[in-house]
Amino acid sequence: DGGGGGTTANETMSWKEALQFIQKHLSLMPSSTNHKEHIHVPLMKRCKSTTYEEKVEGILQEGSSSKRRQRYEENIIKKRKAAEYDRNFYMQKLQEGGSGL
């Protein structure tokens, strides 16, 4: 018995049929007293996560042997090297000039 008025696995059933099926097979009924209340919180009043600056400050306040601090410092060095490489690359291309096409 597929329940709910003879539906098959590929068909849908109405809410009424679904509720009857749940009541018959699981002995459960919807309750108007057990629902969760959803309260809308305006965007600007919602809890805010930490900012990037706050996270960096937290990493830097940790002990100097911290793995997080070490990774942060390594990433800063990589970013500086990448920015310097980019600057040098584009300066070299500017000096070489275009193809004139």
Side-chain angles (χ1 to χ4, degrees):
D1 175 335
T7 61
T8 64
N10 294 330
E11 294 180 22
T12 60
M13 66 173 72
S14 69
W15 277 110
K16 182 179 179 181
E17 291 173 329
L19 292 173
Q20 289 171 347
F21 179 86
I22 291 169
Q23 182 181 9
K24 178 181 176 186
H25 295 282
L26 301 175
S27 301
L28 295 173
M29 288 285 295
S31 168
S32 62
T33 59
N34 274 343
H35 68 282
K36 292 184 178 181
E37 194 171 321
H38 296 283
I39 300 172
H40 174 73
V41 178
L43 182 62
M44 296 307 291
K45 293 187 178 182
R46 295 180 189 175
C47 296
K48 299 173 182 84
S49 63
T50 55
T51 64
Y52 176 77
E53 290 79 11
E54 290 169 335
K55 289 181 182 183
V56 169
E57 185 179 321
I59 290 171
L60 296 178
Q61 286 179 356
E62 293 176 2
S64 59
S65 63
S66 158
K67 285 185 179 182
R68 289 180 69 204
R69 181 183 181 126
Q70 184 179 356
R71 279 196 315 261
Y72 170 76
E73 290 172 352
E74 288 171 358
N75 287 334
I76 292 297
I77 291 168
K78 286 179 190 175
K79 287 179 184 178
R80 286 183 187 148
K81 285 182 180 178
E84 185 178 326
Y85 174 80
D86 288 348
R87 198 171 24 258
N88 291 340
F89 174 83
Y90 288 110
M91 288 304 292
Q92 178 183 354
K93 295 302 175 191
L94 281 172
Q95 290 173 354
E96 291 174 2
S99 64
L101 295 177

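One distance of note links NZ of K45 with NE2 of H40; it measures 10.0 Å at 0.5 Å rounding. Atom NE2 of H25 is separated from atom CD of Q20 by 10.5 Å, given to the nearest 0.5 angstrom. Note that CD1 of I22 and CD of E17 are 12.0 Å apart. Values are rounded to the nearest 0.5 Å. Note that the CD atom of E74 and the CZ atom of R71 stand 9.0 Å from one another [nearest 0.5 Å].
A salt bridge is defined here as a Lys NZ or Arg NE, NH1 or NH2 lying under 4.0 Å from an Asp or Glu carboxylate O, and R80 with E84 fails to meet this definition.
The shortest distance between side-chain heavy atoms of I76 and Y72 falls below 4.5 Å.
Closest approach of R68 and I59 over heavy atoms only: NH2-CG1, 3.5 Å.
The local environment of CZ in R46 is crowded, with over 12 non-hydrogen atoms from other residues, nucleotides or ligands closer than 6.0 Å.
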Under 3.5 Å, side-chain donor or acceptor atoms of residues 47-55 against the rest of the protein: list the pairs with distances, not counting sequence neighbours.
unit_1: K48; atom_1: NZ; unit_2: M44; atom_2: O; d: 3.4
unit_1: T51; atom_1: OG1; unit_2: E54; atom_2: N; d: 3.1
unit_1: T51; atom_1: OG1; unit_2: E54; atom_2: OE1; d: 3.4
unit_1: E54; atom_1: OE1; unit_2: T51; atom_2: N; d: 2.8

Exercise. Would K78 and N75 satisfy side-chain contact (heavy atoms from CB on, under 4.5 Å), going step by step from the backbone distance to the final call?
Worked result: CA-CA 5 Å; K78 286 179 190 175; N75 287 334; 4.2 Å; yes
